Undergrad: 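Could you have a look at this structure, given as structure tokens, before my questions?
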Amino acid sequence: SCPSVLTTRWSLPGQNDAQFLVNYLPEEQTVTVAIEPGTAVTVCRTPDGNNSESIKAEGNIKLKLGPLDALMLTFQAEAET
């Protein structure tokens with residue numbers, strides 16, 4: 001079965017992209033997010049950003065969302081040297 005997670009992604013020219021994922025069911029859901037090569041990802045689990053982690057991944061990452069949970073991903077392309 002497919003996870004029941006609502007998502008939207010926002011971007012502004014010259015800014016980091018942000019993607020919001022919301023689990024609106026009373027069960028835990030696992031989702032897979034495709035990450036472009038050379039992209040740094042931050043997973044924010046609280047609005048103030050205190051519960052966040054940086055991920056350096058190539059390809060897909062799997063994330064668990066608790067029941068009635070939400071998180072925000074920010075994406076920042078690495079600077080070319």
Side-chain angles (χ1 to χ4, degrees):
S1 70
C2 294
S4 297
V5 174
L6 177 66
T7 185
T8 185
R9 187 164 176 161
W10 296 66
S11 65
L12 291 171
Q15 302 290 320
N16 295 344
D17 288 3
Q19 184 167 354
F20 299 88
L21 295 101
V22 179
N23 176 12
Y24 54 88
L25 292 180
E27 299 92 27
E28 181 179 89
Q29 301 290 319
T30 300
V31 296
T32 302
V33 179
I35 307 299
E36 294 180 22
T39 302
V41 180
T42 302
V43 180
C44 300
R45 295 194 175 267
T46 57
D48 59 11
N50 287 333
N51 187 6
S52 63
E53 66 178 298
S54 295
I55 298 173
K56 203 164 194 181
E58 302 283 330
N60 296 335
I61 58 171
K62 289 191 178 205
L63 300 166
K64 288 187 179 183
L65 286 96
L68 307 174
D69 194 13
L71 61 82
M72 179 181 75
L73 304 174
T74 60
F75 303 90
Q76 181 176 11
E78 292 181 352
E80 294 183 21
T81 56

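Computed from a predicted structure; not experimentally measured.
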Undergrad: Output yes when a side-chain donor or acceptor of Asp69 lies under 3.5 Å from a complementary backbone atom of Asn23, and no otherwise.
TA: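 Absent.
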Undergrad: How many angstroms lie between OG1 in Thr32 and CG in Asn60, if you round to the nearest 0.5 Å?
TA: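 Going from OG1 on Thr32 over to CG on Asn60, the span is 6.0 Å.
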Undergrad: Would you find more than 12 non-hydrogen atoms of other residues, nucleotides or ligands less than 6.0 Å from Glu27 atom CD?
TA: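 Counting other residues, nucleotides and ligands, CD of Glu27 exceeds 12 neighbours.
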Undergrad: Apply side chain to side chain contact (heavy atoms under 4.5 Å, CB included) to Thr8 and list each qualifying residue two or more places apart in sequence or on a separate chain.
TA: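 For Thr8 the side chain to side chain contact (heavy atoms under 4.5 Å, CB included) partners, ignoring immediate neighbours, are Trp10, Phe20.
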Undergrad: Looking at Gln29 and Leu25, what are the two nearest heavy atoms and their distance?
TA: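 Where Gln29 meets Leu25 most closely, the heavy atoms are NE2-CD1, 3.7 Å.
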Undergrad: Verify side-chain contact (heavy atoms from CB on, under 4.5 Å) between Thr7 and Val31, making sure each step is shown before the conclusion.
TA: CA-CA 11 Å; Thr7 185; Val31 296; over 6 Å; no
Undergrad: Using only atom types and a distance under 3.5 Å, with no angle test, would you say the side chain of Thr39 pairs donor to acceptor with the backbone of Phe75?
TA: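 Absent.
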Undergrad: If two hydrophobic side chains count as joined below 4.5 Å and joins carry through other members, does Met72 share a cluster with Leu65?
TA: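 They do not share one cluster, since no chain of ILVMFWY contacts under 4.5 Å joins Met72 to Leu65.
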Undergrad: Counting C-beta onward and ignoring hydrogens, is there a side-chain heavy-atom pair between Val41 and Val33 closer than 4.5 Å?
TA: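 Side-chain contact under 4.5 Å: no.
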Undergrad: Kindly work out whether a path of hydrophobic side-chain contacts (I/L/V/M/F/W/Y, heavy atoms less than 4.5 Å apart) joins Val5 to Leu71.
TA: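 They do share one cluster, since a chain of ILVMFWY contacts under 4.5 Å joins Val5 to Leu71.
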Undergrad: Out of curiosity, does Leu68 fall in the hydrophobic cluster containing Val22 (side-chain heavy atoms, cut-off under 4.5 Å, transitive links)?
TA: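 Different clusters: Val22 never reaches Leu68 through Ile, Leu, Val, Met, Phe, Trp or Tyr contacts under 4.5 Å.
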